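What follows is a single structure, written as structure tokens, with notes after it.
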Amino acid sequence: MPAADEPQIMGPVAPATRKCMKGNKRANTKPEQVVRQMLREQGFPGYRLQWKKCPGHPDIAYPGRKIAIFVNGCFWHRCPVCSLPTPKTNVPYWEAKFTRNVERDQRTYAALREAGWNVVVIWEHELKKKNRPAVSQYLYEVVSLDDPRERQQAIDRHDQQAVQPAEPEDARAPEPEDIEPTA
């Protein structure tokens with residue numbers, strides 16, 4: 001929501017666009033459901049959803065362990081890996097909105113860390129089928145660790161490696177081992 005002194009710059013919106021945007025859910029998205037399924041399969045139920053007792057209402061929270069898991073959509077939260085384009089209509093509105101989203105996320109993460117929480121951010125592109133085993137292993141490592149410092153080290157290692165979005169099969173150059181030798 002824009003600040004009181006910030007003018008609302010969203011102009012008229014086509015009915016189709018309005019319907020599409022209203023379809024975007026805040027909670028219980030498919031990526032969140034995938035992460036929750038991973039956690040349950042690993043034997044880590046007992047999480048809280050949209051837990052209101054800590055800053056930012058994490059998508060998934062383990063209050064006893066002080067672990068906050070955010071499952072961020074690459075478009076809305078401006079994934080640093082995907083570099084998605086800004087919509088071409090109402091550009092000032094979208095740029096301001098995305099800036100507010102990113103700043104709010106950073107404030108939330110900082111407030112949680114200040115309160116002693118470990119903050120895990122899973123990006124939507126990391127949940128593509130081919131990346132799921134690595135994400136599942138990462139979640140297991142983070143949630144299973146008892147020492148918050150070790151947890152933070154695992155989170156930092158993951159953030160440095162940043163899983164790249166999957167390229168379409170036809171867009172990638174063949175690797176030498178992908179090419180069959182001709183006889």
Side-chain angles (χ1 to χ4, degrees), residues 20-84 98 101-172 175 178:
C20 180
M21 290 306 190
K22 285 178 116 178
N24 293 319
K25 299 189 296 185
R26 181 187 167 284
N28 295 320
T29 62
K30 181 68 174 172
E32 284 179 37
Q33 292 171 0
V34 168
V35 171
R36 294 192 325 238
Q37 180 181 3
M38 285 179 187
L39 292 167
R40 283 191 307 273
E41 287 173 355
Q42 295 170 355
F44 296 115
Y47 47 76
R48 303 290 178 265
L49 300 178
Q50 310 299 322
W51 203 53
K52 308 225 179 327
K53 294 183 180 180
C54 65
H57 308 152
D59 299 318
I60 301 166
Y62 287 95
R65 296 173 175 264
K66 286 195 158 188
I67 300 172
I69 302 173
F70 291 89
V71 183
N72 286 351
C74 294
F75 177 76
W76 295 105
H77 295 271
R78 307 318 286 171
C79 174
V81 175
C82 291
S83 300
L84 295 170
F98 293 145
N101 288 355
V102 171
E103 289 171 353
R104 183 187 61 240
D105 289 345
Q106 295 307 317
R107 284 192 311 271
T108 297
Y109 304 156
L112 283 164
R113 289 186 186 110
E114 180 85 18
W117 287 71
N118 292 113
V119 177
V120 176
V121 177
I122 304 291
W123 290 97
E124 181 181 13
H125 74 262
E126 291 179 291
L127 296 171
K128 300 290 183 198
K129 286 188 180 185
K130 77 174 201 165
N131 298 332
R132 286 184 189 175
V135 173
S136 182
Q137 180 180 350
Y138 165 59
L139 286 169
Y140 181 82
E141 182 180 4
V142 170
V143 178
S144 66
L145 290 169
D146 290 326
D147 182 1
R149 290 183 303 265
E150 289 179 16
R151 246 187 255 135
Q152 190 57 51
Q153 290 171 351
I155 293 167
D156 292 342
R157 277 193 307 275
H158 174 265
D159 291 349
Q160 289 169 356
Q161 294 169 354
V163 177
Q164 299 296 316
E167 292 182 31
E169 284 299 316
D170 57 349
R172 72 176 182 90
E175 297 294 328
D178 289 346

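Everything quoted here is computed from the prediction, not taken from an experiment. What you see below is based on every heavy atom in this structure, not just the backbone, and it leaves out hydrogens, waters and symmetry mates.
Here the CD atom belonging to Glu150 is positioned 12.0 Å from the CD1 atom belonging to Ile155, to the nearest 0.5 angstrom. Here the OH atom belonging to Tyr138 is positioned 10.0 Å from the CD atom belonging to Gln161, to the nearest 0.5 angstrom. Distance check: Glu41 CD to Ser136 OG gives 7.5 Å after rounding to the nearest 0.5 Å. Taken from CZ in Phe70 to CD1 in Ile122, the straight-line distance is 12.0 Å, to the nearest 0.5 Å. The CD atom of Glu32 sits 10.5 Å away from the CG atom of Leu127 when rounded to the nearest 0.5 Å. Separating the NE2 atom in His57 from the CD atom in Gln50 is a distance of 8.5 Å, to the nearest 0.5 Å.
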Item to complete: Could you walk me through whether Trp76 and Val102 pass side chain to side chain contact (heavy atoms under 4.5 Å, CB included), step by step?
Response: CA-CA 9 Å; Trp76 295 105; Val102 171; over 6 Å; no
task: Apply side chain to side chain contact (heavy atoms under 4.5 Å, CB included) to His125 and Cys79, showing your working.
output: CA-CA 9 Å; His125 74 262; Cys79 174; 3.3 Å; yes
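Looking at His77 and Asp105, their side chains do bring a donor and an acceptor atom within 3.5 Å of each other. Checking Gln137 against His158 by side-chain atom types alone, no donor-acceptor pair falls below 3.5 Å.
Pairing each heavy atom of Val143 with each of Arg65, the nearest pair is O-NH1, 2.7 Å. Here the shortest heavy-atom pairing between Arg48 and Trp51 reads CB-CD1, 3.4 Å. Residues Ala61 and Pro63 come closest through the heavy atom pair O-CD, 3.3 Å. In terms of heavy atoms, Trp123 sits closest to Pro80 at CZ2-CD, 3.6 Å. The nearest pair of heavy atoms linking Ile60 to Arg36 is CD1-CG, 3.5 Å. The heavy-atom pair separating Pro55 from Thr108 by the smallest distance is O-CG2, 3.7 Å.
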Can I get a per-line list of side-chain donor-acceptor pairs under 3.5 Å for residues 109-118, giving both atom names and the distance, sequence neighbours left out?
unit_1	atom_1	unit_2	atom_2	d
Tyr109	OH	Asn72	ND2	2.8
Asn118	OD1	Arg151	NH1	2.9
Asn118	ND2	Pro148	O	3.3
Asn118	ND2	Gln152	OE1	3.1

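In this structure a side-chain-to-backbone donor-acceptor pair under 3.5 Å is missing from Arg107 to Gly56. Judged purely by atom type and a 3.5 angstrom limit, Glu124 uses its side chain to pair as donor or acceptor with the backbone of Cys74.
The 12-atom threshold is not exceeded at OH of Tyr140, counting heavy atoms of other residues, nucleotides or ligands nearer than 6.0 Å.
With a 4.5 Å cut-off on side-chain heavy atoms, Leu49 and Asp59 do not count as touching. When side chains are defined from C-beta on, Pro58 does not count as touching Ile69, because their heavy atoms never get closer than 4.5 Å.
Remark: Arg157 engages Glu141 in a salt bridge, criterion side-chain N to carboxylate O under 4.0 Å.
Both the sub-6.0 Å distance and the 45° axial angle are not jointly satisfied by Arg40 relative to the ring of Phe44.
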